[in-house]
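Everything numeric in this text was worked out from a predicted model, so none of it was measured. Letters A, B, ... mirror the listed sequences (proteins, then strands); counts begin at 1.
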Amino acid sequence: DTTVKQNPRYKLARVGKPVNLICSQTMNHDTMYWYQKKPNQAPKLLLFYYDKILNREADTFEKFQSSRPNNSFCSLYIGSAGLEYSAMYLCASSSRDRGTEVFFGKGTRLTVV
Amino acid sequence: QQQVRQSPQSLTVWEGETAILNCSYENSAFDYFPWYQQFPGEGPALLIAIRSVSDKKEDGRFTIFFNKREKKLSLHITDSQPGDSATYFCAASPASSSFSKLVFGQGTSLSVVP
């Protein structure tokens, strides 16, 4: 099963409220990623977990938090949503030992109003 | 700064024609170039990939041509089918990274008309 599951598929949030997005995979991958995709823009890497080590990209360092309570699950947390956070959020996973293929979930579409 | 660029933004071809999708990059450290195919409502899925030591990679009707000197690559889809209608993302990853930290282009939306 090469499935990355994301919940929910659609999320509506109020400006200033927190948002928590969930991702899971059953491939025993050691690395999980979060990408942000806005219309007509390239998917942008926000952060990734290797095992229990969180790596955040420099320009998104203060905007997003994440947790990985176990190998299978990873969350993306926005403490106070702004209109600019409206986007598709793609979770992905890969394994350092099995090559470079990255498997993506179907995404969560977040709309902030 | 857009490190990976794709053109055209959208492309329409007739069934049976060859679709050519272009990609260019700026960072000489990139050495792995996957193409991802995404259908509406689905996540991107790996279609085909090439490493910078090769200049061509074929998989059925899909071929990547790679020009390291010019930092350009292209995806050729021969005998295009309506089922190939999707968004195609070119991505790149540096050899120095132990992780698949992909840098994506903005995508090309392909429509294949019967």
Please tell me whether [X] and [Y] are part of a single hydrophobic cluster in this structure, the criterion being side-chain heavy atoms less than 4.5 Å apart.
| X | Y | answer |
| --- | --- | --- |
| B:L21 | B:L73 | yes |
| A:W34 | A:Y77 | no |
| B:F65 | B:F62 | no |
| B:L75 | B:I20 | no |
| B:F33 | B:L47 | yes |

Over all heavy atoms of both residues, which pair between [X] and [Y] is shortest? Give the atoms and the distance, please.
| X | Y | value |
| --- | --- | --- |
| A:P43 | B:G105 | CD-O, 3.7 Å |
| A:F48 | B:K101 | CE2-CD, 3.6 Å |
| B:F104 | A:A42 | O-CB, 3.1 Å |

Q.
Is B:P44 in contact with chain A via its backbone, its side chain, both, or neither, using a 4.5 Å heavy-atom distance?
A.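 Interface part for B:P44: both.
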
Discussion item. Closer than 3.5 angstrom, by distance alone: can the side chain of A:Y33 be matched with the main-chain N or O of B:L102 as a donor-acceptor pair?
Written reply: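 Such a contact is absent between A:Y33 side chain and B:L102 backbone.
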
Quick check on [X]: does its [atom1] atom have over 12 non-hydrogen neighbours (other residues, nucleotides or ligands) under 6.0 Å away?
| X | atom1 | result |
| --- | --- | --- |
| A:K63 | NZ | no |
| A:K17 | NZ | no |
| A:E84 | CD | yes |

Looking only at A:L90, A:V102, A:L45, A:N55, the option with the highest number of non-hydrogen pairs under 4.5 Å against chain B is A:V102

Taking side chain as everything from C-beta outward and backbone as N, CA, C, O, which of these in [X] sits under 4.5 Å from a heavy atom of chain B? Side chain, backbone, both or neither.
| X | result |
| --- | --- |
| A:K37 | side chain |
| A:Q6 | neither |
| A:R9 | side chain |

| said: Using 0.5 Å steps for rounding, measure from the CD atom of B:E42 to the CZ atom of A:F104. | reply: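 So the gap between those two atoms works out to 14.0 Å.
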
Checklist entry - When rounded to the nearest 0.5 angstrom, what distance separates CD in B:Q106 from CD in A:Q41? => result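 B:Q106 atom CD to A:Q41 atom CD measures 9.5 Å (nearest 0.5 Å).
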
Margin query: So A:N40 and B:Q9, do their side chains get closer than 4.5 Å, heavy atoms only?
Written below: yes

